[in-house]
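Here's the structure we're looking at; comments come further down.
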Amino acid sequence: MSDIEPQVVDASEQETDDPQDEQTEASSKNTFRTIVTLLGLIVVAFWSSWAMSDRGDSDIQDVDYHVDEAVEALYKRDLPSVVYHRNALRTIQNENGSKTANVAAELFTAFIFYNANDYLGSNDLISKFEQLSTELITDDNGLNSDMQVIQKLDMISKCVECLNHMELQRRHRGDAEVLSMLPKMSDLHQILTDVIQTHPECIEAHRILTAMYSDIGDMDGALRHALQVADLDRTDSSIYRFMGNIHKDYELWRDALDNYQSSLERSPYQSGQDLDWTGREEILFDIAEIQIQLLEFENALETLSKIRDFAQRYALQATCHYNLGDKETAAKLVSKALSTKDVPKPALMLQGSILVENKQFTEAITLLKRGKELDPYDFELIYKLGEAHRGNKDNDAAEACFEESSKLREKREAFADLHQLAIEEPGNSGTLVQLGKVAAELGKYKLARHWCTSALQIDSGNIEAQQTLAQIQQQMQQQSIPPNSS
């Protein structure tokens, strides 16, 4: 087997439940990401070959050393280092005929395939690893040192296999027939639980269980394992960001604030999920939003001063100054936000509120209607629109807004109650389906699909989940809503 030969997943294997134009765009992006990944792996392969020849024989003779280093690199998702140590093991195998080095190289190649999105190819390599490792430990010539290495590799192989199956489940979400052929989440959970019982220090098992519990809505379980990851890997900043996101979703503002600050302490400069924002700016923006919720407006302004000029920044700064009584500065900042190409909803909401206070009801109605077009499910904005209609003597329109706002508020409260129920009764597929339904009614289509898919992961035969998911997909298609809509 060559050093790098992952099988590229064909674009036709991508999700088929989205609108055709969005599917084409998604396939193009996935293909581009795969090509970039492959090119990167090829470069790494050449680099690692050169590095090994330059470093001499001393570093590549120790199988234990390269296995330990590769495992640590895997934990940190340091793919270049995984490739380097995998290639070192190949060199040892070729020069000394080491069976242990060969077995280890197969496993780390499986992880490389996983990173190239070839989950089926990765699982094939894991099967080969299991076969070779079984032959090795049953060989009369096997040494105790070999046994110790194989036990560590076996722990990692189970983790990579679970990662592959989870990605396959996500890729085929909504396809009950395919999901029925994959291992159940309960089976994967048991595998990882067994790993932790024998290897409590296995960061990867805790990390996967964190994602698994999050997928089924068991946030207590997710946070429990996330804390284990944070304790075992003092350099992992993303796990604190993950915990911050959970606490923010549940409006546990102080916990979320502590988590985000810990994330930045571990890694001040992080990669962003949005092309226009750095990871640091995304986290600072989250922190500023939380500080506003806590009425810490001066602290929020200090946080926002560390972010580059964006419309969202102007809107939040305006909110802070407005609440601190500096309405003149607030008005200037809102004006800057409103002059940008993509006007953020908070700017429309604040300016609309200012206009209502100034009894400029017609102008307020115009702005607040623009805000409602951006988010037709914001009950506070719709209520403010009702106040503008009432000030404009249009009582019928005002009452309609107040009634709509009240219904949305009730749905929001029901959604929060279902979230709490999901925490108290983890693994209840019926609760997750109800969460999906209410999420769709609130326009949170991505979240609605997530909950229905999670219900199917727990119970692939759940008819209500299948029907609800199909309805959500149909609604998204009818409204031309992209698959990455929130």
Side-chain angles (χ1 to χ4, degrees), residues 244-245 248-249 251 253 256-257 260 264 272-389 391-392 401 405 408 442-444 482 484-486:
N245 292 340
K248 186 182 178 187
D249 286 343
E251 299 184 356
W253 306 121
L257 186 61
Y260 287 135
L264 286 179
Q273 300 173 358
D274 189 301
L275 293 178
D276 296 328
W277 292 65
T278 67
R280 175 180 175 81
E281 287 173 326
E282 289 172 350
I283 295 175
L284 288 172
F285 191 80
D286 285 328
I287 289 175
E289 287 184 319
I290 292 170
Q291 289 169 329
I292 289 173
Q293 290 290 339
L294 294 171
L295 306 182
E296 297 177 358
F297 301 113
E298 292 182 352
N299 290 339
L301 285 172
E302 181 181 354
T303 300
L304 290 165
S305 69
K306 302 172 184 176
I307 301 175
R308 289 173 296 161
D309 290 346
F310 289 104
Q312 294 93 327
R313 174 192 167 189
Y314 299 144
L316 290 191
Q317 286 176 317
T319 299
C320 293
H321 284 292
Y322 183 81
N323 282 280
L324 289 170
D326 187 355
K327 295 186 177 181
E328 182 179 351
T329 301
K332 291 179 181 178
L333 287 164
V334 167
S335 179
K336 290 179 76 172
L338 292 174
S339 67
T340 58
K341 180 180 178 182
D342 299 317
V343 179
K345 184 188 69 173
L348 296 169
M349 175 71 170
L350 180 58
Q351 182 65 6
S353 299
I354 293 172
L355 291 171
V356 169
E357 285 185 9
N358 295 335
K359 303 187 184 306
Q360 297 172 269
F361 301 116
T362 301
E363 294 89 339
I365 290 170
T366 300
L367 276 183
L368 292 170
K369 281 185 174 180
R370 285 176 61 189
K372 186 179 178 183
E373 289 175 359
L374 291 175
D375 184 0
Y377 305 97
D378 187 333
F379 67 87
E380 292 179 333
L381 184 147
I382 294 172
Y383 189 88
K384 183 63 67 174
L385 178 59
E387 289 184 335
H389 280 302
N392 209 33
C401 286
S405 173
L408 287 171
L442 291 171
K444 300 178 181 294
N484 60 350
S485 171
S486 60

Extract all donor-acceptor atom pairs below 3.5 Å that involve side chains of residues 381-388 and protein atoms in other chains or at least two apart in sequence.
unit_1, atom_1, unit_2, atom_2, d
K384, NZ, E387, OE1, 3.1

Residue pair N245, Y260: steps toward the side-chain contact (heavy atoms from CB on, under 4.5 Å) verdict: CA-CA 8 Å; N245 292 340; Y260 287 135; 2.6 Å; yes
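In terms of heavy-atom proximity, V343 sits nearest to L374 at O-CD1, 3.5 Å. Shortest non-hydrogen contact noted between W253 and L294 is CB-CD2, 3.7 Å. Looking at every heavy atom in both residues, N299 comes nearest to Q291 through O-OE1, 3.3 Å. Across every non-hydrogen atom of R280 and K306, the tightest pair is NH2-CD, 4.4 Å. Looking at every heavy atom in both residues, P376 comes nearest to L408 through O-CD1, 3.8 Å. Across A315 and P346, no two heavy atoms sit closer than the pair CB-CB, 4.0 Å.
Distance CD/E328 to NE2/H321: 11.5 Å, rounded to 0.5 Å. Going from atom CG of L367 over to atom NZ of K372 covers 15.5 Å, rounded to the nearest 0.5 Å. Between the CG atom of L348 and the CG atom of L355 there is a distance of 10.5 Å, given to the nearest 0.5 Å. Between the SG atom of C401 and the NZ atom of K369 there is a distance of 8.5 Å, given to the nearest 0.5 Å. Here Y322 contributes atom OH and E357 contributes atom CD; the two are 3.0 Å apart, rounded to the nearest 0.5 Å. The line from NZ of K336 to CG of D309 is 5.5 Å long, rounded to the nearest 0.5 Å.
In this structure the side chain of V334 never reaches within 4.5 angstrom of the side chain of Y314, judged on heavy atoms. At least one side-chain heavy atom of E298 sits under 4.5 Å from a side-chain heavy atom of L324. Looking at heavy atoms from C-beta onward, L304 lies out of side-chain contact with L284 at the 4.5 angstrom threshold. Under the 4.5 Å side-chain criterion, counting only non-hydrogen atoms from C-beta, M349 is not in contact with T319.
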